Amino acid sequence: MPAAPADQLDRFSLPDAGGHFGRYGGVFVPETLMTALQELGAAYEVARKDPKFQAELKHHLKEFAGRPTELYFAERLTQHCGGAKIYLKREDLLHTGAHKINNALGQALLARRMGKKRVIAETGAGQHGVATAAVCAKFGFECVIYMGAVDMERQALNVFRMRLMGAEVRSVEAGQKTLKEAINEAMRDWVTNVRSTHYILGSALGSHPYPMMVRDFHREIGQETKEQILAREGRLPDEMVACVGGGSNAIGFFFEFLEDTAVKLIGVEAGGRGITRGDHAARFEGGKLGVLQGCKTYILQNADGQIELTHSVSAGLDYAAIGPEHAFYRDRKRIDYAYATDDEVMEAFQLCSRLEGIIPALESTHALVHGFKRAKAMRKDQVLIINLSGRGDKDVNQVQALLSKAK
Ligand SMILES: *Cc1c(COP(=O)(O)O)cnc(C)c1O
């Protein structure tokens, strides 16, 4: 099928009823989870059209999460790069430190509406676990977080945060003992306890309706950005850049602009130590079409379909699959993709901290790296917006250790 020109895309027509974004997405789960996903899909369809649900969500996003977030003009970074005006969308200012609270709040309200008493989630770096623990405390859910044993050790402070907020954190000892195994364990729990339990998945990934639902809960990012840039500059930006792990902050940031084809959209993946097997998590650099954890998309796998090891300095981008909607818009050439390496990230992390007084999350720093390259190549009358998906407080110990090792 020849791709339709980008200006003929209707962003609201996706996904179809089966959860497909073109040939990506869908539902690939054991029989025992089919009913749960259908029930969730049906409940969400009603909720998303219910003004009461939307008003309630908006209220908690403001009062609990701290929306709207600022659109900040990064004056010194702009001077330093010497090209386009650089703006940062400040998702780092949200409660619990990243965009993830948008989705956690949305799904918690949906779980309450569905009469669920118990919430489970998976977490890699711990950011999604912390956001989930926070909303569970707020709404009085029993909360269980699955986390790989290796990640629990690396992110001990986030484990403590979750426990402080009343969550039970369960250590997963299988396989690599990281995010992929934690997701398997969470799915196993869901199969067993599906009546009482809602599974808050943390990115625009997995089986339908998750990629669509998680995207919707983050659309606020792009909606605010559009209003704010029109108020500040009287026009749309020329380019927008966001980092892509599963792809939730990026799709939320981009969605409102998909039909504004003059706005260039760029997603940035984790280039790790460089694009050689096992050294990175850039699914569009050497990944292939496959199915992982419920979803058909680009996956880093070997010739036999075994999932490759991945690496990134930032745990939040370190996953073998990318959200299906990203694969779709890449094929349509509406969103471009690039990657940033660990070394580039370490440098930009320090630059942003030093020039703006803002310590970015290592994940978000991937977007900064590519944004700075773009800004340098652009004219001074052009405008670039980078989504600062989270703050770097969680990363300072790791960066300190890496910097002292490099000396
Ligand atoms: C989890 C995380 C990401 C990656 O997840 P997406 O679903 O791709 O947004 C990016 N930035 C921060 C700060 C995160 O915590």
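Order of listing sets the numbers, starting from 1, for every ligand and every atom in it. Remember, it's a predicted structure, so these values are computed and weren't measured experimentally.
- Counting heavy-atom neighbours within 6.0 Å of Q400 CD, excluding the residue itself, gives a total of 12 or less.
- Each of the following atoms of ligand 1 lies closer than 4.0 Å to a heavy atom of A361: 13 (C).
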For this session: Could you walk me through whether N103 and H128 pass the side-chain hydrogen bond (donor to acceptor under 3.5 Å, both in side chains) test, one step at a time?
Result: CA-CA 9 Å; N103 170 53; H128 176 55; 4.7 Å; no
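- Considering T123, N249, I322, N387 only, the shortest heavy-atom separation from atom 9 (O) of ligand 1 involves N249.
- R330 forms a cation-pi arrangement with F284, by the criterion of a distance under 6.0 Å to the ring centre and an angle within 45° of the ring axis.
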### Query
Is there a side-chain hydrogen bond (donor to acceptor under 3.5 Å, both in side chains) between E285 and Y337 once you walk through the steps?
CA-CA 9 Å; E285 308 291 328; Y337 293 84; over 6 Å; no
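- Nearest protein heavy-atom neighbour of atom 11 (N) of ligand 1: S389 OG, 2.7 Å.
- The closest donor-acceptor contact from the side chain of R118 to the backbone of T197 lies at 3.5 Å or more, if one exists at all.
- In the vicinity of Q127, heavy-atom distances shorter than 4.0 Å reach the ligand 1 atoms 15 (O).
- The residue from G97, G392, S203 that puts a heavy atom closest to atom 7 (O) of ligand 1 is S203.
- Under a cutoff of 6.0 Å and an axis angle of 45°, R188 and Y146 do not form a cation-pi pair.
- Near G390, with a cut-off below 4.0 Å to any heavy atom, the atoms of ligand 1 are 13 (C).
- In E91, neither the side chain nor the backbone holds a heavy atom less than 4.0 Å from any atom of ligand 1.
- K85 and E233 are joined by a salt bridge, as a carboxylate oxygen and a charged side-chain nitrogen come within less than 4.0 angstrom of each other.
- Nearest protein heavy-atom contact of atom 4 (C) of ligand 1 is G316 O, 3.4 Å.
- At least one heavy atom of C243 sits closer than 4.0 Å to an atom of ligand 1.
- Remark: side-chain polar atoms of R391 are paired, donor with acceptor, to backbone N or O of L94 under 3.5 angstrom.
- H218 does not count as a contact of ligand 1, since none of its heavy atoms falls under 4.0 Å from the ligand.
- Regarding atom 3 (C) of ligand 1, its nearest protein heavy-atom neighbour is K100 NZ, 3.5 Å.
- Taking a cut-off of under 4.0 Å to the non-hydrogen atoms of G247, the atoms of ligand 1 that pass are 6 (P), 7 (O), 8 (O).
- Between E185 and R170, no side-chain nitrogen of the basic residue sits less than 4.0 Å from a carboxylate oxygen of the acidic one, so the salt-bridge criterion is not met.
- At a 3.5 angstrom cut-off on N or O pairs, K394 does not count as close to ligand 1.
- Shown in contact with G245 at under 4.0 Å from a heavy atom are these atoms of ligand 1, numbered in order with element: 8 (O).
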